[in-house]
Amino acid sequence: MGIKWNEIFVGGDPLLVGSQIAIVLTVVAIVVGLTYFKKWGWLWREWLTTVDHKKIGIMYILSGVLMFFRGGMDGLLMKAQTARPEMNFLDAQHYNEIFTTHGVIMILFMAMPFLIGLMNVVVPLQIGARDVAFPQLNALSFWLFFSGAMLFNISFVVGGSPDAGWTSYFPLAGKEFSLGIGNNYYAIALQIAGLGTLMTGINFIVTILKMRAPGMTLMKMPMFTWTTFITSIIIVAAFPIFTVALALMTFDRLYGTHFFTLSSGGSDMLWANLFWLWGHPEVYIVILPAFGIFSEVIATFSRKTLFGYTSMVVSIVGIAFLSMIVWVHHFYTMDAGPAVNSFFSITTMLIAVPTGVKIFNWLFTMRKGRIQFTTAMLWALAFVPNFVIGGVTGVMLAMAAADYQYHNTLFLVAHFHYVLIPGVVFAVFAGLYYWWPKMFGFMLNEKLGKYHFWLFTIGFNVTFMPMFFLGLKGAVRRAYTYSAESGFAPLFLVSAIGSIILAIGFAVFCYNIYWSFRYAKRNVSHDPWDARTLEWMTASPVQFYNFAVVPEVKQLDAFWHMKKRGETLTLKESDIKKIHMPSNSGLPFYMAVVFGITGFFLVFEAHIAAAVAAIGIVIGLVIRSFDYNDGYYVSVDEIKRTERTWRNVEGGTENHVG
Amino acid sequence: MEHKSKYPISHVVGFLFSLVLTFVAVFVTLKMNVSYTIVMWIIGSLAVIQAGLQLFMFMHVTEGEDGKTNVMNMAYAVFVAIVIVAGSIWVLTSGHAAH
């Protein structure tokens, strides 16, 4: 089949051999465990074939946690290597591979699934829907994402990692300069995962436009739903650009075309241009849902309605518009001339305006509010100053002339970590602490949560603040070592120590999940935070059909006003009608498997094997088009039984309404 | 929305305009003695105008439940296409990078 078997397993390096052994042992342990506890059937019925948006969301979040661990390990290895000058811990090639996979995994396989997971769990509940518009497509989105993520992740032990940076710039990423199959993983795995993301975008646009509860006009939607909506629109606009760029890259690498090569009329900068035409909107794809999470958390724990709702909506739309016309600021040094660079400088700086509006709105929401310092709120509070540091250094980088100095230094690296960690990771943590009871029926421990918060926030600042100064002194990014004479050593050491504190913070989070799963109190109320939006009207964990009777929305913060009117737990059993639900399907999982196999063969340039495997994809499509399963009905009796179990739980709703 | 008037005036106007635009395009191509580039520009512009005209006069993009959404969709699609195509050409052909 043309596979070079001797190239498949990467050997030699003790770190890699250790990882291979660990992976094999983990897989064996999982298989043995599932068999011993007789859980295969449960796994298949409850998770692998589910089309329930809440379960799909949980699987996204679980993948996010796993990928955070993987990407975090990469980060720690980099920090260990640069802790002292002239270290021999990693060689240059290994370092290249690690910063590449760190970037790709953290953006595409950590930030994206965390946020899409929360969108999946929360958005249908917030708009009073029973599921997303296309539940089976939603499952396909998840499984394609997962397939792409796994394909990308095996690269470091099977065949070699991509090593041309997460931007994978040509000509380095092309066959002329990177002969191995490592960069094929980048092209193929991201293509598969990207398909899933694109489908998610379409799914959520339709869900939000067509499936809102009666009375919920666009301007009565919760802010997280708004940001999800705009994010989905950016996904649909931007991801096809990446799809095309990756396809052209695949042709260049696998079939000898010359789109991005140096020879035969290719244009290497066309890749950079197309990459960032997607890549910049991608930044907003991850930051906007995060803004939505902060809006919900801040409003809930300030016990006030969100300040400046309309201006929030206008700024999100403004950010979405501007996000499409700033991409050149990633490569000012290509030197496209003064007109181009000036134009993109101005558009870039303009983004600070709507973002500033949002920051002030959050501050004014807190003003005169009765703030509760829960863990979720702490993340939101820490977000504001840390993100402002990231934003202001962003405006510094936006000046094209000055950027010639900052370009490719650690100043830039510090900047985007200050935007993405407070902007996205803090938001994800805030969202997880906030919505955890809705997902699992128990809360994460608040005390451990505070340890997690302080360790993570302090560790983050100690890690990345020195990198601003290293960058200004001239330390370049993506360099695996530096000389003692450079004088960089002390700050690099501080940064490495910070990364250990950061890692301990994350470990506390993982321990918190374990501890709370084992010991946390199970009878939490359906509304433990005294919150404002419709998702808190359902049981914790949410009943599989979401709402026994779809609520009618009269104003913004609908649930809050219902509580004030005392109508939340009143459910006339005569109002209950049978509910139409979608059936489970094994097809999305099957598609992920065949896509994964096809992708794997393509990575190894085994074209005939890939073509044979691709027949499996066509078979899946054919089966789907003959699928006449229209779902099933939940009987009134079953709904009544389910509703009676949780509506008697203590700690109900009418208390504490201010 | 406009179904109250019995005579389908918008269809007639749209039809006449389409005829005019088509014949102008034929005239420009066959009878005018100008360079190939200019001909392409003129008939290209006429084609875009006619496509827009037909969308409004015959296909009623602005009417019905999703009228507003349709128009916004198309405006956004045009915006994104211009950004990607014209933007890329501008960026990659100006300044020192292109030479």
Side-chain angles (χ1 to χ4, degrees), chain A residues 202 205-206 208-210 218 229-230 232-245 248 259-260 266-278 280-281 317 320-344 347 400 404, chain B residues 1-4 10 35-99:
Chain A
I202 295 168
I205 291 177
V206 180
I208 293 171
L209 283 180
K210 294 288 180 190
L218 286 178
F229 178 52
I230 299 296
S232 305
I233 291 174
I234 311 180
I235 287 177
V236 173
F239 262 79
I241 306 172
F242 197 42
T243 306
V244 171
L248 299 182
F259 292 107
F260 306 128
S267 164
D268 53 335
M269 283 317 287
L270 180 60
W271 165 264
N273 181 70
L274 290 177
F275 180 87
W276 287 114
L277 259 166
W278 159 80
H280 199 85
V317 176
F321 173 77
L322 287 170
S323 78
M324 294 299 296
I325 47 172
V326 296
W327 76 95
V328 176
H329 70 213
H330 296 274
F331 48 98
Y332 283 139
T333 52
M334 179 181 88
D335 208 3
V340 172
N341 278 6
S342 309
F343 175 84
F344 285 94
T347 52
Y404 278 74
Chain B
M1 304 284 170
E2 296 294 323
H3 292 306
K4 277 169 231 156
S10 71
S35 77
Y36 179 75
T37 325
I38 296 174
V39 169
M40 289 316 263
W41 272 100
I42 293 175
I43 64 172
S45 318
L46 290 174
V48 171
I49 294 169
Q50 184 161 167
L53 192 82
Q54 297 198 355
L55 278 173
F56 283 94
M57 296 297 192
F58 302 153
M59 297 170 77
H60 310 283
V61 277
T62 52
E63 293 171 23
E65 198 186 348
D66 290 331
K68 236 169 144 185
T69 321
N70 280 337
V71 173
M72 281 168 74
N73 260 338
M74 286 193 300
Y76 186 60
V78 169
F79 164 71
V80 171
I82 288 174
V83 165
I84 296 170
V85 179
S88 297
I89 293 172
W90 183 43
V91 167
L92 291 174
T93 56
S94 63
H96 302 111
H99 307 294

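No experiment lies behind these values; they were computed from the predicted model shown. All chains are named by letter (A, B, ...) in the order of the sequence lines, taking the proteins before the strands, and each is independently numbered beginning at 1.
Considering every non-hydrogen atom in both A336(A) and S94(B), the closest pair reads O-OG, 2.9 Å. Of all non-hydrogen atoms in A237(A) and Y76(B), the two that sit nearest each other are CB-OH, 3.3 Å.
Heavy atoms of other residues, nucleotides or ligands lying less than 6.0 angstrom from CE of M40(B) number 12 at most.
When each of N341(A), L277(A), N273(A) is paired with V91(B), the side chain to side chain contact (heavy atoms under 4.5 Å, CB included) condition holds for N273(A) and for no other.
Contacts of V340(A) with chain B are made by both backbone and side-chain atoms, with heavy-atom separations under 4.5 Å. Contact annotation for A339(A): both backbone and side-chain heavy atoms come within less than 4.5 Å of a heavy atom of chain B. For V80(B), the part sitting under 4.5 Å from any heavy atom of chain A is the side chain, from C-beta outward, and nothing else.
The aromatic rings of W90(B) and F343(A) sit perpendicular to each other, their planes meeting at more than 60°, with 30° as the lower class boundary.
Distance check: W327(A) CH2 to I84(B) CD1 gives 8.5 Å after rounding to the nearest 0.5 Å.
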